[in-house]
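Here the structure comes first, spelled out in structure tokens, and everything after it is commentary.
The chains referred to below are lettered A, B, ... by the order of the sequence lines, with proteins before strands, and numbering in each begins at 1.
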Amino acid sequence: MTGQIVTRFAPSPTGFLHIGGARTALFNWLYARGRGGKFLLRIEDTDRERSTPEATDAILRGMAWLGLDHDGEVISQFARADRHAEVANQMLAEGKAYKCFSTQDEIAAFREAARAEGRSTLFQSPWRDADPASYPDAPFVVRLKTETEGTTVIRDEVQGEVKIRNDQLDDMILLRSDGTPVYMLAVVVDDHDMGVTHVIRGDDHLNNAARQMGIYTAMGWDLPVYAHIPLIHGPDGKKLSKRHGALGVEEYQAMGYPAAGMRNYLARLGWSHGDDEFFTDAQAKEWFDTSGIGKSPARFDFKKLENLCGQHIAQTDDAALLHELKEFLKVSDRPDLSNHHETVMLRALYCLKERAKTFPELLEKAHFILADTPIQPDEKAAKALDTVSRGILSSLTPQLQNARWTRDELEEVTSRFAEAEGTKFGKLAGPLRAALAGRAVTPSVFDMMLVLGQDETLARLAQASASAEG
RNA sequence: GCAGCGUUCGUCUAGUGGUCAGGACACCGGCUUUUCACGCCGACGACACGGGUUCGACUCCCGUACGCUGUACCA
């Protein structure tokens, strides 16, 4: 026992990495990484019907995108079935569990009768204290002999002390009639064997915790520290589902949200550190603690996500941003950047990144370097390029020809020109924008000139002022 | 049905037995400005409801309403 913190994320591979699952993973990751601990990944694939390798891949991709690196190998729960059965059999041998021969029909009949009489529908097996001599030669399940009296107290870092009367707990099945272990057993055995010290998971498992504790005590194992976190709801407060839009984290990647912004947003959803809203990974690791986790469910808010993403994009250094942009291009099925475009993009990022909240927005602002030449103005830009404007542009061109290509000088030349024309720079900006980018919404005209360079700028001005009437 | 959990501005949240109940996002208005974005200033805006405990409750207790979760030989 080294005292090292060990957390884990244990999704079932039945689909993509759900947004709620991603947050659970993030919390576990933050908790471990901030304390020099280990963060383990286990795939709960004991449901053979629903588990697919594709889903496992999707989960791994989602984690990779979010930068949630795990320690050690990915554990397959299914592969450990023998070990789970071994533990069940040990409990059987020690009288902590028993064989139950009740058929599913019998159980259903029991429940129906119980409901009719208004009694608890929790199944009470007649085999619990049966004499082994009376055992029939028939299939059986192995059930845990749960305490029938008293209460189980879950000491939870988030929920506090949660008390559940033991008469609310049935004798849960450990081994199915085909001998395969059930999830409840597998989780406990795996967490114990993997040395998990802190179980941070959705509060849909809170009730399960009480039953799982029965296995810990039956085996005489130390309990992990529990932290059951509230689920994430949709913007309408209802359970998050498909109609709320994107559920899988990969969809968020494809929509162009940067991973750092996503991490920041997800961390802040249901957890807080005073009034801090925008923070780095390093700060999150340092600050994250279960004491900052709230007890009520949070709703997903795209606006806030976007806001945070904008701040992260603006703060990311150019090389890293370019790298992430290229990844985005790939996953969103957009064409990759040519070498030339990549070079120019890197040069332009300084003026692009402070105006974009997502990668599609950034690309939109980068239209002036990505568009084919000659520039084809869109409708609004075309309006800015009327006869008068083109005349102005052609008289401005010679001035720029002789200018040194620095921001100060460009500003000076254009403002002097505007003054000589008896107008304001504002009147020049529209036509310039249209000529250089073919759009009405762009970065600053000076930034564009600087990024494009003198030759390209002059070429575009010439094209625009010479373009045919109408 | 039974059990568990929850409820502070529209949203995320801070917060204390005595606060002008704070911040952020969104929204609205204004400033700045070459468009967009940023930035700045301002406005709007909340303790679910009802009892109790207390000199005093958003804060503690009980109940109600609403919501969520569980109640499987699913995970």
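- Figure legend. G50(B) is base-paired to C62(B); pairs are counted as Watson-Crick or G-U wobble with both atom distances under 3.5 Å.
- For the OP1/OP2 pair of U35(B) and a distance below 4.0 Å, the side-chain nitrogens and oxygens of Thr442(A) include no atom meeting the criterion.
- For the pair Gln77(A) and Pro443(A), both in contact range of RNA chain B, the more 5′-proximal nearest nucleotide belongs to Pro443(A).
- No hydrogens or angles considered: nothing links the side chains of Thr406(A) and Asp408(A) as a donor-acceptor pair under 3.5 Å.
- Within the 4.0 Å cut-off from OP1 or OP2 of A75(B), at least one side-chain nitrogen or oxygen of Arg176(A) is found.
- Taking the P atoms as reference points, C38(B) lies 15 Å from A24(B), given to the whole Å.
- With distances taken from any side-chain atom of Glu277(A) to the nucleotides G4(B), G23(B), U71(B), the minimum falls on G23(B).
- Contacts of Thr180(A) with the nucleic acid, taken as non-hydrogen atoms under 4.0 Å apart, are absent.
- Annotation: side chain of Phe123(A) is not in contact with side chain of Ile173(A) (no heavy-atom distance under 4.5 Å).
- The nucleotide G39(B) finds its pairing partner in C31(B), both defining distances of the Watson-Crick or G-U wobble pair being shorter than 3.5 Å.
- Phe278(A) has its ring centre less than 6.0 Å from the ring centre of His312(A).
- Aromatic rings of Trp271(A) and Phe27(A) (six-membered ring for Trp) have centroids beyond the 6.0 Å cut-off, not under it.
- Using a 4.5 Å heavy-atom cutoff, the side chains of Arg433(A) and Phe368(A) are not in contact.
- Gln104(A) comes within 4.0 angstrom of a nucleotide base, judged by non-hydrogen atoms across all strands.
- Rounded to an integer number of Å, the gap from Leu185(A) CG to C74(B) C1' is 15 Å.
- U69(B) is paired with A3(B) under the Watson-Crick or G-U wobble criterion, all donor-acceptor distances under 3.5 Å.
- Between the side chains of Asn166(A) and Thr152(A), at least one donor N or O sits under 3.5 Å from an acceptor N or O.
- As judged by a 4.0 angstrom heavy-atom cut-off over every strand, Lys427(A) is placed among residues making no nucleic acid contact.
- Residue contacts shown for Arg50(A) include a base, since a base heavy atom lies under 4.0 Å away.
- Within 4.0 Å of Asn208(A), counting heavy atoms only, lies at least one base atom of the nucleic acid.
- Of the residues in residues 291-300 of chain A, Lys295(A), Ser296(A), Pro297(A), Ala298(A), Arg299(A) come within less than 4.0 Å of RNA chain B through at least one heavy atom, sorted by number.
- Residue Ser12(A) is classed as a sugar-phosphate contact, given heavy-atom separations below 4.0 Å to backbone atoms only.
- When ring centroids are compared, Phe446(A) and Phe425(A) come within the 6.0 Å threshold.
- Residues Phe300(A) and Tyr265(A) bring their aromatic ring centres within 6.0 Å.
- The side chain of Arg111(A) places an N or O atom within less than 4.0 Å of a non-bridging phosphate oxygen (OP1 or OP2) of A72(B).
- When each of Val162(A) and Val445(A) is assigned the nucleotide of RNA chain B bearing its nearest heavy atom, the one mapping closer to the 5' terminus is Val162(A).
- Using a 4.0 Å heavy-atom distance criterion, Leu122(A) is classed as a sugar-phosphate-only contact.
- Here the P atom of nucleotide A26(B) and the CZ atom of Phe302(A) are 15 Å apart, to the nearest Å.
- Here His228(A) lies out of heavy-atom contact (under 4.0 Å) with every strand.
- Residue contacts shown for Gly270(A) are limited to sugar-phosphate atoms, with no base heavy atom under 4.0 Å away.
- Checking the phosphate oxygens (OP1, OP2) of A14(B), a side-chain nitrogen or oxygen of Ser272(A) falls inside 4.0 Å.
- Protein atom OH of Tyr226(A) is 17 Å distant from nucleotide atom P of G70(B), rounded to whole Å.
- Between Glu49(A) atom CD and C74(B) atom P the separation is 10 Å, expressed in whole Å.
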